[in-house]
Chemist: 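Below is the structure I would like to discuss, written out as structure tokens.
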Amino acid sequence: MSERVIPLVDQRLSALRAEVPANEWQGGPLLDQLHRPLHDLRISVTDRCNFRCNYCMPKEVFNKDYSYLPHGDLLNFEEITRLAKVFVGLGVRKIRLTGGEPLLRKNLEILVSQLAQIQTPDRSKLDLTLTTNGSLLTKKAQQLKDAGLDRITVSLDGLDDAVFRVMNDVDFPVRDVLDGIEAAQKAGLGIKVNMVVKRQTNTNQIVPMAKHFRGSGIALRFIEYMDVGATNGWRMNEVLSSAEVVALVQQVYPLVLLPASTTGETAQRWGYADASGKFDPALGEIGVISSVTQAFCGTCNRARLSTEGKLYLCLFASLGYDLRELMRDRNASDANLASSIANIWDHRDDRYSELRASLSPDANAKTQRVEMSYIGG
Ligand code: SAM
Ligand code: SF4
Ligand code: SF4
């Protein structure tokens, strides 16, 4: 693979915004320019985090001088719930709370309880989940479950304490996250674990992680290290491809490819095989998310709402649409909000990962992008 480098710079773009397109959407099924429906909404509830994973919030940039959003700029819980309802009316069936570290947002369980009450038009329950670094789960798992959360995703980049401390870069012990996962299991939350793989840094954790979670009822997913944001100094040669991850696990535990469970599923699923070579559900599965080596933009049905209420149509977008302004300054009604969001989605043609390979390193370096900690993963 050729070496491409995204330079270490801080390009916070929250002050910029895209113009909401004119009212062209005529009603009917809401599809973007590439015929993708709006199904999945990720809501970032804070841009702060207690970790400094260097692929996401490197210490050199996110230091004591970094200016995080002032509290008044954040969407409050009522605004988030109101927007969530409007999105559900437009087709959203899955909401993921994220950040920054979402469990740092005070009284998050109150928001969870408000969102858990939202029903889809056919009166089914919304698929509500949350992604966390797990550091506060021991304290919060039961409260979240009681508030109506059914499942969570915990990010965990290794089992070896020394490797984990390097990955989080704040010397946080892995034991506390493992205790958090246990607390979530006890509380009855469904759990997935996500591991970002950086060649050399935590490649040696792939097999131990597979071994630890095999047969535990927890699906482990490996994520390719992405060139998201503009601060992590991404290099292509630090990406370990999903194919390499699967090959490493296969050497120890035979795997069989499983069908996708839903359209727009980001992970390719591999089940652990029994002695006869057939998938054994008791042993469970792993997933690989190949955002770099096998783009899945063609089925991407995800929108992202930033902490301060800007709507982003792609993880790699540079501009967001200011829904907070529509609500706070222009007193938009729910119907106005719905038609603005529908028009925005109607115009969407983003497919960065499919285009990545064709972009020159220079064009890539000049592209201004928002940070993952601002729009959420
Ligand atoms: N703090 C929470 C956490 O870590 O789970 C939620 C927010 S974090 C931005 C969401 C997800 O994005 C995490 O699973 C994290 O590992 C992933 N992520 C962040 N930067 C990434 C990168 N450069 N490449 C791939 N995944 C990344
Ligand atoms: Fe924090 Fe999550 Fe980013 Fe790590 S990946 S720095 S835990 S927001
Ligand atoms: Fe979706 Fe953008 Fe990722 Fe493609 S690059 S899968 S459009 S978020």
Side-chain angles (χ1 to χ4, degrees), residues 6 32-34 36 38-40 42-59 61-62 68 96-105 129-137 152-158 164 167-170 172 177 180 192-198 201-202 220-235 238-240 242 264-267 289-292 294-304 306-307 312-318 348-357 359 369-377:
I6 304 290
D32 72 8
Q33 295 297 306
L34 302 173
R36 300 168 295 189
L38 170 58
H39 183 271
D40 200 335
R42 301 190 175 190
I43 303 176
S44 174
V45 293
T46 176
D47 60 342
R48 291 162 198 255
C49 186
N50 54 343
F51 283 12
R52 286 293 175 274
C53 310
N54 63 12
Y55 53 72
C56 177
M57 296 180 77
K59 262 184 180 163
V61 176
F62 295 88
Y68 294 96
R96 178 179 296 277
L97 297 177
T98 177
E101 173 44 44
L103 299 188
L104 288 180
R105 179 85 186 247
T129 181
L130 172 150
T131 302
T132 171
N133 63 24
S135 59
L136 299 168
L137 257 187
I152 53 165
T153 300
V154 181
S155 304
L156 176 64
D157 296 333
F164 186 67
M167 293 301 282
N168 65 57
D169 215 9
V170 290
F172 196 86
V177 177
K192 280 184 185 158
V193 167
N194 276 358
M195 171 176 171
V196 173
V197 184
K198 250 184 118 173
T201 317
N202 65 342
L220 170 63
R221 302 187 309 176
F222 299 95
I223 306 179
E224 287 179 352
Y225 169 40
M226 285 185 284
D227 48 334
V228 64
T231 59
N232 64 12
W234 183 84
R235 287 162 186 266
E238 286 181 309
V239 178
L240 189 85
S242 293
E265 165 123 272
T266 49
I289 304 183
S290 318
S291 337
V292 178
Q294 260 192 306
F296 37 76
C297 303
T299 54
C300 179
N301 52 22
R302 292 176 292 284
R304 293 177 160 84
S306 78
T307 315
Y312 288 85
L313 303 180
C314 175
L315 199 46
F316 298 89
S318 25
R348 175 182 189 245
D349 61 0
D350 302 65
R351 54 185 190 106
Y352 171 80
S353 285
E354 285 182 354
L355 301 175
R356 177 191 286 110
L359 292 174
R369 298 199 203 106
V370 282
E371 295 300 324
M372 189 96 154
S373 51
Y374 168 71
I375 51 170

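Indexing begins at 1, ligand by ligand and atom by atom, following the structure's order.
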Chemist: Under 4.0 angstrom from ligand 1, any heavy atom of Gly134?
Modeler: no

Chemist: Show the atoms of ligand 3 that are less than 4.0 angstrom away from any heavy atom in Phe296.
Modeler: 6 (S)

Chemist: CZ of Arg96 to CG of Asp40: how many Å apart, nearest 0.5 Å?
Modeler: 7.5 Å

Chemist: Going by distance only, is there an N or O of Thr98 that falls short of 3.5 Å from an N or O of ligand 1?
Modeler: no

Chemist: Given Ser135, Ser155, Gly100, which has its nearest heavy atom closest to atom 6 (C) of ligand 1?
Modeler: Gly100

Chemist: Indicate, as side chain, backbone, both or neither, the part of Thr132 found under 4.0 angstrom from ligand 1 when only non-hydrogen atoms are considered.
Modeler: backbone

Chemist: Is the backbone N or O of Tyr55 less than 3.5 Å from a side-chain atom of Lys198, with the two atoms forming a donor-acceptor pair by type?
Modeler: no

Chemist: Select one of side chain, backbone, both or neither to describe which atoms of Arg304 lie under 4.0 Å from any atom of ligand 3, heavy atoms only.
Modeler: side chain

Chemist: Out of curiosity, Leu315 CG to Met226 CE, how far, rounded to the nearest 0.5 Å?
Modeler: 5.0 Å

Chemist: Check step by step if side chain to side chain contact (heavy atoms under 4.5 Å, CB included) holds for Asn133 and Asn168.
Modeler: CA-CA 9 Å; Asn133 63 24; Asn168 65 57; over 6 Å; no

Chemist: Which atoms of ligand 1 are found less than 4.0 Å from any heavy atom of Glu101?
Modeler: 1 (N), 2 (C)

Chemist: Does the shortest distance from atom 2 (Fe) of ligand 3 to an N/O/S atom of Cys297 fall below 2.8 Å?
Modeler: no

Chemist: Minimum distance, heavy atoms only, to atom 24 (N) of ligand 1: which one of Glu238, Met195, Met57, Met226 is it?
Modeler: Met226

Chemist: Answer with yes or no whether the side chains of Thr266 and Arg302 bring together a donor and an acceptor at under 3.5 Å.
Modeler: no

Chemist: From Thr129 OG1 over to Arg42 CZ, what is the distance, rounded to the nearest 0.5 angstrom?
Modeler: 9.5 Å

Chemist: Of all the heavy atoms in Glu224, does at least one lie under 4.0 Å from an atom in ligand 1?
Modeler: yes

Chemist: Taking only heavy atoms of Val196, which atoms of ligand 1 are found under 4.0 Å from at least one of them?
Modeler: 16 (O), 25 (C), 26 (N), 27 (C)

Chemist: Tell me, which protein residue and heavy-atom name are nearest atom 1 (Fe) of ligand 3, and how many Å apart are they?
Modeler: Cys300 SG, 2.4 Å

Chemist: Which residue and atom name correspond to the protein heavy atom nearest atom 7 (S) of ligand 3, and how close is it?
Modeler: Asp350 O, 3.6 Å

Chemist: Identify the closest protein heavy atom to atom 8 (S) of ligand 3: which residue and atom is it, and at what distance?
Modeler: Leu315 N, 3.3 Å

Chemist: Heavy atoms, side chains only, cut-off 4.5 Å: are Cys300 and Arg348 in contact?
Modeler: yes

Chemist: Around atom 1 (Fe) of ligand 2, how many protein N, O or S atoms are found at less than 2.8 Å?
Modeler: 1

Chemist: Quick check on contacts: which atoms of ligand 3 are under 4.0 angstrom from a heavy atom of Cys314?
Modeler: 2 (Fe), 5 (S), 7 (S), 8 (S)

Chemist: For Tyr225, counting its heavy atoms only, list the atoms of ligand 1 lying under 4.0 Å from any of them.
Modeler: 23 (N), 24 (N)

Chemist: Is it true that, when you exclude Gln294 itself, more than 12 heavy atoms of the residues, nucleotides or ligands shown sit nearer than 6.0 Å to its CD?
Modeler: no

Chemist: What part of Glu354, side chain from CB on, backbone N/CA/C/O, both or neither, has a heavy atom under 4.0 Å from ligand 3?
Modeler: neither

Chemist: Going by atom types alone, do Asn301 and Arg36 pair a side-chain donor with an acceptor below 3.5 Å?
Modeler: no

Chemist: Would you name the heavy atoms of Cys49 and Met57 that are closest together and state the gap between them?
Modeler: CB-SD, 3.5 Å

Chemist: With atoms numbered from 1 as shown, which atoms in ligand 3 lie under 4.0 angstrom from a non-hydrogen atom of Phe316?
Modeler: 5 (S)

Chemist: Is any side-chain heavy atom of Tyr352 less than 4.5 Å from a side-chain heavy atom of Asp227?
Modeler: yes

Chemist: For the residue pair Gly134 and Val154, what are the closest heavy atoms and their distance?
Modeler: CA-CG1, 4.1 Å

Chemist: I'd like to check which ligand 1 atoms, numbered from 1 as shown, lie under 4.0 Å from a non-hydrogen atom of Gly99.
Modeler: 7 (C), 9 (C)

Chemist: Just which atoms of ligand 1 are under 4.0 Å from any heavy atom in Asn133?
Modeler: 2 (C), 3 (C), 5 (O)

Chemist: Take the angle between the ring planes of Phe164 and Phe172 and call it parallel below 30°, perpendicular above 60°, tilted in between.
Modeler: perpendicular

Chemist: Between Glu101 and Thr46, does any side-chain donor sit less than 3.5 Å from a side-chain acceptor?
Modeler: no

Chemist: Any side-chain to backbone donor/acceptor pair from Trp234 onto Val239? Under 3.5 Å, distance only.
Modeler: no

Chemist: Should you measure from each heavy atom of Ser353, which atoms of ligand 3 turn up under 4.0 Å away?
Modeler: 5 (S)

Chemist: For Thr131, does its backbone N or O pair with a side-chain atom of Thr98 as donor and acceptor, under 3.5 Å?
Modeler: no

